[in-house]
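First up is the structure itself, then whatever we jot down about it.
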Amino acid sequence: MEHTTTGTRPRNRFNFLARLRQVVALHRQRQRLLDLDDHLLNDIGLTDADARAEAERPLWDVPRTWRR
């Protein structure tokens, strides 16, 4: 007997894992902002306060383009 998968469950699981990886990557990027020197922050148009505020955002506060 051949086993086939129908429905959306595998796709939902894939989407969840993909989104989880994105959130973890975003968290790491935000934390890396804290490691940048003032001149590097200036190069990307941020102040030390901006970097701290971004790093302190909660995990669920994702870019607007991620929201559906």
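We count residues from 1, following the sequence as given. Since we're looking at a predicted model, the values are computed, not measured.
- Side-chain polar atoms of Arg19 and Gln22 form a donor-acceptor pair below 3.5 angstrom.
- Here CD of Glu56 is found 11.5 Å from CZ of Arg30. Values are rounded to the nearest 0.5 Å.
- Contact check for Ile44 versus Leu36: side-chain heavy atoms found under the 4.5 Å cut-off.
- For the salt bridge (Lys or Arg N to Asp or Glu O under 4.0 Å) test, no residue two or more places apart in sequence or in another chain qualifies with Asp38.
- Closest non-hydrogen pair, Leu34 versus Ala51, comes out as CD2-O, 4.1 Å.
- Remark: Leu59 CG to Leu20 CG distance equals 9.5 Å, nearest 0.5 Å.
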task: Begin from the C-alpha positions of Val62 and Leu26 and carry the test side chain to side chain contact (heavy atoms under 4.5 Å, CB included) through to its verdict.
output: CA-CA 8 Å; Val62 296; Leu26 178 62; 4.2 Å; yes

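- Every salt bridge (Lys or Arg N to Asp or Glu O under 4.0 Å) that Asp61 has, sequence neighbours left out, goes to Arg57, Arg67.
- The CZ atom of Arg52 sits 12.0 Å away from the CG atom of Leu33 when rounded to the nearest 0.5 Å.
- A donor-acceptor contact shorter than 3.5 Å links the side chain of Gln31 to the backbone of Ala55.
- Counting only heavy atoms from C-beta outward, the side chains of Leu41 and Asp50 never approach each other to under 4.5 Å.
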